[in-house]
Amino acid sequence: MTRSATASAPGKVILFGEHAVVYGRPAIAAPVMGVQATASVTPNPAGGIRLLAPDLGEDQPLAALPADHPLGTVIRAALAELYGRPGGSPSHPGVSPLPDLLIRVTSEIPIASGLGSGAAIATAIVRALALSAGRPLADEEVSRLVYQSEKLYHGAPSGVDNTVIAFRRPVYFVRGQPLTALTVPVPFHLVIGDTGVASPTKLAVEAVRRAWEAGPARYEALFDEAEQLARAARGAIEGGEPQRLDPLMDHNHALPAEMGVSTPELERLVAAARAAGAGGAKLSGGGRGGNMIALVTETTAPAVTRALLAAGAPHALLTLVGPWTHPSHPTPLPPS
Ligand code: PMV
């Protein structure tokens, strides 16, 4: 049975460990519930399956999307999971005829800015398709399907974006390892400052890869340093002492900067946030543009936000990193 369904997915920020996480080191990331991507699935009276995403300039039948189209890929993977593949799949041995569907996507998350817009859109689509098929998927399954599109957006992604967005909770993530819970007994605030410079993650990841190939020892040492910071940050977060993150965040900013992915715009926003009273500040995500984050309190948040806007950020967004998860069905995770 196919019914109309709508689902949303949050943006995300990386607090510690970007780039190093691609090389097996841990990263800490959190959902940003203040910006969402939404997908709705309704019957398509014209027949067939059509993707309508005005924010992305898409209005095409699924059949016309090329094989390497990230959203086409995740839609096909989700339909195969939900309706079966010729020859069957371990979880769904039969094949059902595909319904006629209109998949509409909207997103408030800036594209190519390190806030996980691609993974959020893909997650919203997978969940809406699953609800419409009457077969809600576990967070783990959603994350696995969304990873298919992440590979096309990012090249060789670590999987941190699809994981934090599908699980909708702060995570301590290590590539290829089962997710364990990151507890946040004392919530803390971040201001996210946008440079306004779009930066596809794929290009930043490729630039770091080339530099790592040219100087592996230096880059492995930077990744090791990032690992120490992520471990220390986990201790501070789980110990309920987020104020201990301040120097760790400043230190972490220096690492992607040494990897060559900071920019004058990011440096200006990081400096402005620190000068306006942020505890710590760093670029967040792939770099070369995109967003930075600043640790703030309720008292320092307004001044830091104003300083970021004055330093050229087209947007600044306050978010809370907390113990909460999505209100509907938190997935239990093994304790760390
Ligand atoms: O999507 P972004 O820009 O937040 O970058 C993801 C983080 C990277 O470590 C740079 C890439 C990855 O796959 O983990």
Side-chain angles (χ1 to χ4, degrees), residues 9-32 35 37 70 74 107 109-123 143-144 146-167 170-177 179 190 192-212 219-220 222-227 229-230 233 249 252-253 255-263 265-266 269 282-293 317 319 321:
K12 72 101 212 346
V13 276
I14 295 187
L15 279 68
F16 289 92
E18 49 275 277
H19 289 292
V21 66
V22 175
Y23 299 80
R25 284 24 171 232
I28 294 178
V32 177
V35 284
V74 77
S107 178
I109 307 171
I111 294 166
S113 69
L115 291 183
S117 67
I121 289 170
T123 300
S143 179
R144 184 177 50 75
V146 173
Y147 186 70
Q148 302 305 317
S149 63
E150 287 291 285
K151 281 198 280 194
L152 294 167
Y153 281 122
H154 288 188
S158 64
V160 63
D161 283 19
N162 48 288
T163 301
V164 65
I165 289 171
F167 281 83
V171 298
Y172 182 85
F173 173 89
V174 183
R175 183 175 197 162
Q177 289 189 13
L179 195 60
L190 299 173
I192 304 167
D194 189 355
T195 60
V197 178
S199 168
T201 305
K202 192 173 193 293
L203 300 183
V205 170
E206 282 169 5
V208 172
R209 166 84 48 187
R210 281 193 299 274
W212 172 75
Y219 274 73
E220 287 295 323
L222 291 171
F223 300 151
D224 285 344
E225 214 172 317
E227 170 161 12
L229 291 173
M249 215 167 246
N252 195 155
H253 175 71
L255 302 180
E258 271 202 56
M259 292 172 207
V261 295
S262 192
T263 61
E265 291 86 1
L266 281 163
L269 296 189
K282 65 181 276 292
L283 72 80
S284 174
R288 300 181 28 139
N291 279 275
M292 50 71 67
I293 55 174
L317 178 72
T319 191
V321 181

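All ligand and atom numbering here is 1-based and tracks the order in the structure. The structure presented is a predicted model; accordingly, all values stated were derived computationally and were not measured. Just so it is clear, the values below take in all heavy atoms, side chains as well, and ignore hydrogens, waters and symmetry mates. Counting begins at 1 with the first residue of the sequence.
Contact annotation: the side chain of V171 never approaches that of I28 to less than 4.5 Å [non-hydrogen atoms, C-beta and beyond].
Atom CD of E225 and atom CD of E220 lie 13.0 Å apart (nearest 0.5 Å).
Across all non-hydrogen atoms, the minimal contact from G159 to F173 is C-CZ, 3.5 Å.
Residues meeting the side-chain contact (heavy atoms from CB on, under 4.5 Å) test with V205, sequence neighbours left out: H19, T201. Residues meeting the side-chain contact (heavy atoms from CB on, under 4.5 Å) test with S143, sequence neighbours left out: N162, T163, A166, F167. In terms of the side-chain contact (heavy atoms from CB on, under 4.5 Å) criterion, residue partners of K151 (sequence neighbours excluded) are, by chain and number, Y147, Q148, P157.
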Report every pair formed by an N or O atom of ligand 1 and a protein N or O atom separated by less than 3.5 Å, giving atom names and the distance to 0.1 Å.
{"unit_1": "ligand 1", "atom_1": "1 (O)", "unit_2": "D161", "atom_2": "OD2", "d": "2.9"}
{"unit_1": "ligand 1", "atom_1": "1 (O)", "unit_2": "T201", "atom_2": "OG1", "d": "3.2"}
{"unit_1": "ligand 1", "atom_1": "3 (O)", "unit_2": "T201", "atom_2": "OG1", "d": "2.9"}
{"unit_1": "ligand 1", "atom_1": "3 (O)", "unit_2": "G286", "atom_2": "N", "d": "2.8"}
{"unit_1": "ligand 1", "atom_1": "4 (O)", "unit_2": "K12", "atom_2": "NZ", "d": "2.7"}
{"unit_1": "ligand 1", "atom_1": "4 (O)", "unit_2": "G114", "atom_2": "O", "d": "3.4"}
{"unit_1": "ligand 1", "atom_1": "5 (O)", "unit_2": "G286", "atom_2": "N", "d": "3.4"}
{"unit_1": "ligand 1", "atom_1": "9 (O)", "unit_2": "H19", "atom_2": "N", "d": "2.9"}
{"unit_1": "ligand 1", "atom_1": "13 (O)", "unit_2": "S158", "atom_2": "N", "d": "2.8"}
{"unit_1": "ligand 1", "atom_1": "13 (O)", "unit_2": "S158", "atom_2": "OG", "d": "3.4"}
{"unit_1": "ligand 1", "atom_1": "14 (O)", "unit_2": "S158", "atom_2": "OG", "d": "2.5"}

